[in-house]
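Just so it is clear, the structure is predicted and the values come from calculations on it, not from any experiment. Proteins come first, then strands; the chains are lettered A, B, ... in the order of their sequence lines, and each starts at number 1.
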Amino acid sequence: MLDPRSLRREPELIAQALSKRGLVFDLDAYKELESSRHDLQTEMETLQHERNEISRTIGQAKQDGEDIEPLRLSVSEIGYRLDVVKQEFGKIREELDAFLLSIPNIPDESVPEGADEDDNLVLRQHGSIPEFNFEPKDHVDLAPDFLDLELAVKISGSRFSVLRGPLAKLQRALTQFMLDVHTEQHGYEEVYVPYVVNAASMTATGQLPKFAHDAFHVEHTEPMYLVPTAEVPVTNFVRDEILSADELPMRFVAHTPCFRSEAGSYGKDMRGIFRQHQFEKVELVQIVSPDESWAAFEELLGHAETILKMLDLPYQASVLCGGDLGFAAAKTIDLEVWLPSQRRYREISSVSNFLDFQARRAQARFRRKAGERPDLVHTINGSGLAVGRSLIALMENFQNGDGSVSIPDALRDYMGGIDSLKLTEIDGQK
RNA sequence: GGAGGGGUGGCUGAGUGGUCGAAAGCACUGGUCUUGAAAACCAGCGAGGUUAGCGCCUCCCAGGGUUCGAAUCCCUGCCCCUCCGCCA
């Protein structure tokens, strides 16, 4: 959520800043809502004040044994008026809140202008694109016996997958490797978190109310949601908390499955496991003081890049343009890995600084010094990395002419010391 | 699943209809004392909204209700604890 005070003070400026996203901010609608809110709130509080005053008098009069009937009548008159005003105020408040919750974050100054991903700006590239002396296959053709999409269709439907044997193990190895690097070398605390979260958590990080259709929801005693990313449960660690300054920064790494309905992307990336309803991800989350958030952002980006470098995967870093920027982010840098089958770089990690946008929704605060008023924290997160896509990248970039896949050094200990993997069945052995 | 007991400030915990935003203790901050620290003593110390400010309003799990007035009474929901049952 944006700061309501700034919005009230300089709505034109904010509307201007939001236009970088290609968003037309409805100034008139906002101003009308806000002025109704102001008038109704003033009226309501004045009536409440009068009621409180008279009620106090009644208490006193009663003790003194005076006649309180006239006072009771006058205050009940106020009560009726108050009920009406309260109801109107509640309605406007709700409308205004819904309005405020649906405004995305303001893009940082360094975010380039642009409409969609074609306008993203490549910052740097790393590693060399592999050249093959044979026709490289995509990940589906590489593992005909161990990637079973038809079986997944039977069990669940399209956009799910069954991994078997060595492929399942390779995915697990990737996950373990990433968790170990982040905990042992980058100073993150590994956390295990719920995969089903409540509406308050989804609202705090920005998935609700606007993007309900992207989430899988579950009916329980109340509506619940399957996590679209570990960002949701982990960032909500600090929801409604007032931390002390020495608790910051907080660095968490979590491995979770992620669930996305992908309702808006029918027909996109249909082949293989690139875009799934369920996929594995290792997520990095930092809760930091506002003064440190840009440094932490760069640092976290570096942590994600380290994984790609250690796996010897060629990648590039791109800063997202205004039109491609996610709802809650002030700035996002995507890491894109080279996929030989597509002959282009594809997203494998997304690192964002949300500044105080999520923190305000979450009421996640900290006290700089004892006795001072609390300040909002800043939140930063990024994939470190998307495991399913790492699996694809590994298979495709390290494939050999005989259909096997080489295992990068960093992963060998996690794969029982082997240096390559056969992904076709031999002699009926799996 | 059955039976019972609870949800109050950073924490513990009093408060059962009228200056209660809330006793007390702990923690924390400032001061006195001390060579320094500890102890002791004194003072301060919840959050949000609104206002130029004084101030005013709201918040004692959440949502309704009763009342002139609700932390306090009633209803519903959520959550926690204890015992039994069941289970990985």
Side-chain angles (χ1 to χ4, degrees), chain A residues 1-11 30-31 33-101 192 194-204 208 217-225 233 236-248 250 287 356 359-377:
Chain A
M1 205 161 84
L2 300 179
D3 178 11
R5 283 194 203 92
S6 314
L7 191 56
R8 211 176 298 140
R9 215 176 312 121
E10 41 197 20
Y30 166 71
K31 284 182 177 172
L33 267 176
E34 170 53 25
S35 90
S36 304
R37 188 232 98 223
H38 178 265
D39 294 348
L40 286 167
Q41 183 169 340
T42 309
E43 192 180 350
M44 180 180 77
E45 289 183 359
T46 306
L47 287 169
Q48 282 172 329
H49 178 56
E50 288 174 24
R51 182 201 59 192
N52 291 347
E53 287 289 303
I54 301 177
S55 290
R56 236 187 302 261
T57 318
I58 290 178
Q60 192 59 47
K62 218 175 164 185
Q63 270 182 354
D64 299 347
E66 292 169 21
D67 180 20
I68 59 167
E69 253 339 279
L71 289 169
R72 279 182 54 170
L73 283 174
S74 70
V75 83
S76 71
E77 176 59 29
I78 291 172
Y80 290 128
R81 279 162 62 202
L82 189 56
D83 278 347
V84 175
V85 177
K86 248 185 176 165
Q87 206 154 51
E88 279 178 60
F89 175 76
K91 244 168 63 188
I92 292 293
R93 182 78 259 180
E94 232 170 82
E95 273 182 59
L96 187 61
D97 286 346
F99 185 89
L100 293 174
L101 283 173
Y192 168 82
Y195 301 160
V196 184
V197 297
N198 57 30
S201 294
M202 289 285 275
T203 305
L208 292 182
H217 77 269
V218 180
E219 287 308 320
H220 185 53
T221 50
E222 56 179 315
M224 307 279 277
Y225 300 84
N236 275 278
F237 278 22
V238 293
R239 172 155 55 86
D240 296 324
E241 297 290 336
I242 299 176
L243 308 162
S244 62
D246 58 17
E247 291 178 85
L248 301 178
M250 294 173 131
I287 313 292
D356 62 11
R360 184 171 294 105
R361 290 172 160 247
Q363 282 304 296
R365 293 164 291 171
F366 78 110
R367 230 184 281 278
R368 290 174 189 274
K369 269 173 95 176
E372 281 188 13
R373 304 198 102 200
D375 261 346
L376 294 168
V377 299

What nucleic acid atoms does A:Glu222 come within less than 4.0 Å of, heavy atoms only: base, sugar-phosphate, or nothing?
nothing
Which listed nucleotide (B:C68, B:C57, B:A47) is nearest to the side chain of A:Ile242?
B:A47
Distance check, C1' atoms only: B:U16 and B:U72, in whole angstrom units.
5 Å
Could you tell me whether the phosphate oxygens of B:U50, OP1 or OP2, come under 4.0 Å of any side-chain nitrogen or oxygen in A:Arg5?
yes
Answer with base, sugar-phosphate or nothing: what part of the nucleic acid does A:Ile58 contact at a heavy-atom distance below 4.0 Å?
base
Do the side chain of A:Glu247 and the main chain of A:Ser244 share a donor and acceptor less than 3.5 angstrom apart?
yes
B:G9 and B:G5: how far apart are their P atoms, nearest whole angstrom?
23 Å
B:C57 OP1/OP2 closer than 4.0 Å to side-chain N/O of A:His49:
yes
When A:Ser76 and A:Arg373 are each assigned the nearest nucleotide of RNA chain B, the 5'-most assignment goes to A:Arg373
Run the side-chain contact (heavy atoms from CB on, under 4.5 Å) test on A:Ile242 and A:Phe366 for me, step by step, so that the C-alpha distance in whole Å, both residues' side-chain angles and the decisive distance to 0.1 Å come before the verdict.
CA-CA 5 Å; A:Ile242 299 176; A:Phe366 78 110; 6.0 Å; no
Partner lookup for B:G53, please. Criteria are Watson-Crick or G-U wobble with both distances under 3.5 angstrom; report none if nothing qualifies.
none
Which of B:G69, B:U50, B:G48 is nearest the side chain of A:Ser55? It is B:G69
Gap in Å between the two C1' atoms, one belonging to B:C60 and one to B:A47, rounded:
12 Å
For A:Arg51 and B:U58, is the shortest distance between a side-chain N/O and OP1 or OP2 below 4.0 Å?
yes
Name the closest nucleotide to the A:Gln48 side chain, picking from B:U50, B:A47, B:U58.
B:U58
What integer number of Å spans the C1' atoms of B:C79 and B:C41?
43 Å
OG of A:Ser76 to CD1 of A:Ile54: how many Å apart, nearest 0.5 Å?
10.0 Å
For the pair A:Leu243 and A:Met250, evaluate side-chain contact (heavy atoms from CB on, under 4.5 Å) and give the outcome as yes or no after the intermediate values.
CA-CA 11 Å; A:Leu243 308 162; A:Met250 294 173 131; 4.3 Å; yes
Can you tell me the pairing partner of B:G63 across any strand shown, Watson-Crick or G-U wobble, with both distances under 3.5 angstrom?
B:C75
For the P atoms, the ones on B:C73 and on B:U19, what distance do you get once it is rounded to whole angstrom?
16 Å
Below 4.0 Å: OP1/OP2 of B:U58 and any side-chain N or O of A:Asn52:
yes
Whether A:Arg365 contacts B:G48 is assessed here as follows: a side-chain N or O lying under 4.0 Å from the phosphate OP1 or OP2. Is that the case?
yes
With both distances under 3.5 Å as the test, what is the Watson-Crick or G-U wobble partner of B:C41?
B:G31
Side chain of A:Arg367 - closest among B:G46, B:U67, B:G18
B:G46
Assigned partner base of B:A3, Watson-Crick or wobble definition, under 3.5 Å
B:U82
From the list A:Gln48, A:Glu50, A:Met44, side-chain contact (heavy atoms from CB on, under 4.5 Å) partner of A:Thr46 resolves to A:Glu50
Nearest whole Å is fine: how far is B:C59 C1' from A:Lys86 NZ?
12 Å
Does A:Arg93 reach a base, just sugar-phosphate, or nothing at all? Heavy atoms under 4.0 Å.
nothing
Is the backbone N or O of A:Ser201 less than 3.5 Å from a side-chain atom of A:Asn236, with the two atoms forming a donor-acceptor pair by type?
yes
